[in-house]
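Sequence lines set the chain letters: A, B, ... in the order given, protein chains first and strands last, and positions in each chain run from 1.
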Protein chains: 2
Amino acid sequence: MSSLSPPHPLPPLERDGRERRSEDTRRALIAAGLDLFGDYGIKGTTSRMLATASRTNVAAITYHFGSKEGLYLAVVGSIAERMDQHLLKTGMPDPAAVAGASLSAAAAVTVFANLIDHLAGLMVDSEEVRIWARIIVREQSQPTLAFETLYRGRMERIQGMLASLIGAAIGSDPAAADTKIRAHALIGQVLGFATSRESLLRALGVKRLSPTHRETIRRVLRQHVEACLCRTRPASA
Amino acid sequence: MSSLSPPHPLPPLERDGRERRSEDTRRALIAAGLDLFGDYGIKGTTSRMLATASRTNVAAITYHFGSKEGLYLAVVGSIAERMDQHLLKTGMPDPAAVAGASLSAAAAVTVFANLIDHLAGLMVDSEEVRIWARIIVREQSQPTLAFETLYRGRMERIQGMLASLIGAAIGSDPAAADTKIRAHALIGQVLGFATSRESLLRALGVKRLSPTHRETIRRVLRQHVEACLCRTRPASA
DNA sequence: GTCTATAGTCGGATAGAC
DNA sequence: GTCTATCCGACTATAGAC
């Protein structure tokens, strides 16, 4: 017997099978948590609901995540991971890079508009993002430990990036409160389509947004962003 | 004994005392509900929490409102009443009136900006409105029966009013989806300061907004509204 | 109209068989 | 690792004294 082999290696197939099954259970619980925590909140979601939706059982929650709260944190963690993947796809560079590279105002506006358009696309097109939105909205008005996970390096980075671009676009200090507030207002326009969805649907008199509606939303947001960044001083018509 | 007198009139003082006390209990429960339902949701708020916060008792909820859900509906009803009072104070005329009176574009922008400023003031200055916001945000992402109360004649009226003003400002049809979406985007900017408050506070690195921050918010929103309404076509810097 | 005591239900977590 | 059966605590709603 080679000394390099572990003393009691499990048969690979059986071990893989077990690990695979365990991982499947974890995934199923997290997927159920994404749906249910968003709809009903932490307390409103019962272990039994999670067990049924995930086609597992109540004991699995404690076994894999320690508690229902542990599962919630894992759910938020999975959102954070997916956010990171989406952020990579935007090709969003480091805020510091933008601050360093002296971007022209026009270029900054273009980058900003593209970024907003990308976020708007996610917000109105992606069912996945809409599911997160409910959890994030809850964390905004009643932050738990999980807010830190969502904010640090993610929302923080978007906010910093937008502030840098606004700085370049209108010649303001990216670190100034004024600039940060501008970034917040502009991103608020986008988020409104996730957070106030029900109002929008009622105003439009529809049950769901059509592709045309979605295109209009993106076009309007782009126009608004460009208008706000190219015209920083109030002026009458 | 006059035949006009009821057979067994209660002594006025005692009757007033009872009615007063009953009304006080109802008020106290509704006030507790405003705070607690916003923070913890319907299910997350327990009868015991409501009884303790209102300095009444669990039985009073069932007695006065039929059930915890009944109290929730009463809480939303009280929000609706207060919204109406605030709407009156904005001096907001009927949307139809604006649609009828052919307002000049410049005048429409001014009225719109004042309206947004008024709403922004409520959103950032009024503790009361911030408490509503949490309940309304919940209703947006998970509407209950109560959403109807909030929407009909209230949010609906604001949305309609904004759409009419946008119509006058940029010469579009107030009933068109494009116009409604513009209204939604612009109001979203304002609402973002209520719904994404935690992000804003973190970005600014403060625990609460200073008076200067609030002034900045209102100034930025006014500038953005004016920019968006005076410049409907995208243009490079 | 108020409030204490309690009935009946359902919650999260666990023990122990498989 | 999974899952059934079960514990115990907390919940809502109610009954009945005041």
Do nucleotides 8-13 of chain D as a string where each nucleotide becomes B, S or -: B if the base has a protein heavy atom under 4.0 Å, S if just the sugar-phosphate does, - if no protein is that close. ---BBS

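Per the geometry, CZ belonging to R21(A) stands 6 Å off P belonging to dT2(D), to the nearest Å. Summarising the geometry, the separation between OH on Y72(A) and C1' on dG12(C) is reported as 18 Å, rounded to the nearest angstrom. Rounded to whole Å, atom P of dC10(C) lies 18 Å from atom CG of L50(A). Computed from coordinates, the R55(A) CZ to dC3(D) C1' distance equals 15 Å when rounded to whole Å. In this structure, F65(A) places its CZ atom 16 Å from P of dT14(C), rounding to the nearest Å. When the P atom of dG1(C) is taken as reference, atom CZ of R27(B) falls 15 Å away, rounded to whole Å. N57(A) places its CG atom 13 Å from the C1' atom of dA15(C), with the value rounded to the nearest Å. Here dA13(C) presents its P atom at 15 Å from NE2 of H64(A), a figure rounded to the nearest Å.
Using modelled atom types and a 3.5 Å distance limit, the side chains of S199(A) and Q159(B) yield no donor-acceptor pair. Of the N and O atoms on the side chains of T216(A) and H213(A), not one donor lies less than 3.5 Å from an acceptor on the other residue.
The phosphate of dG1(C) (OP1 or OP2) has no side-chain N or O of T25(B) nearer than 4.0 angstrom.
In this structure, H224(B) has no ring-ring contact (aromatic ring centres under 6.0 Å, His included) partners at least two apart in sequence or on a different chain. Applying the side chain to side chain donor-acceptor pair (under 3.5 Å) rule to T195(B) yields no partners; only residues at least two apart in sequence or on another chain are considered. Scanning for side chain to side chain donor-acceptor pair (under 3.5 Å) contacts around T179(B) gives S172(B), with sequence neighbours left out.
Taking 4.0 Å as the cut-off between side-chain N and carboxylate O, R130(A) and D125(A) do not count as a salt-bridged pair. Looking at E148(A) and R202(B), a side-chain N of the basic residue comes within less than 4.0 Å of a carboxylate O on the acidic one, giving a salt bridge.
Residues from residues 30-37 of chain B lying near DNA chain D, meaning a heavy-atom separation below 4.0 Å, are absent.
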Please table the atom pairs, donor to acceptor, closer than 3.5 Å between any side-chain atom in residues 70-83 of chain B and protein atoms at least two apart or in another chain.
residue: Y72(B); atom: OH; partner: E139(B); partner atom: OE2; Å: 2.4
residue: S78(B); atom: OG; partner: V75(B); partner atom: O; Å: 2.8
residue: R82(B); atom: NE; partner: E128(B); partner atom: OE2; Å: 2.6
residue: R82(B); atom: NH1; partner: Q85(B); partner atom: OE1; Å: 2.4
residue: R82(B); atom: NH2; partner: E128(B); partner atom: OE1; Å: 2.9
residue: R82(B); atom: NH2; partner: E128(B); partner atom: OE2; Å: 3.1

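Although no hydrogens or angles enter the test, the distance criterion places a donor-acceptor pair under 3.5 Å between the side chain of K180(B) and the main chain of A203(A).
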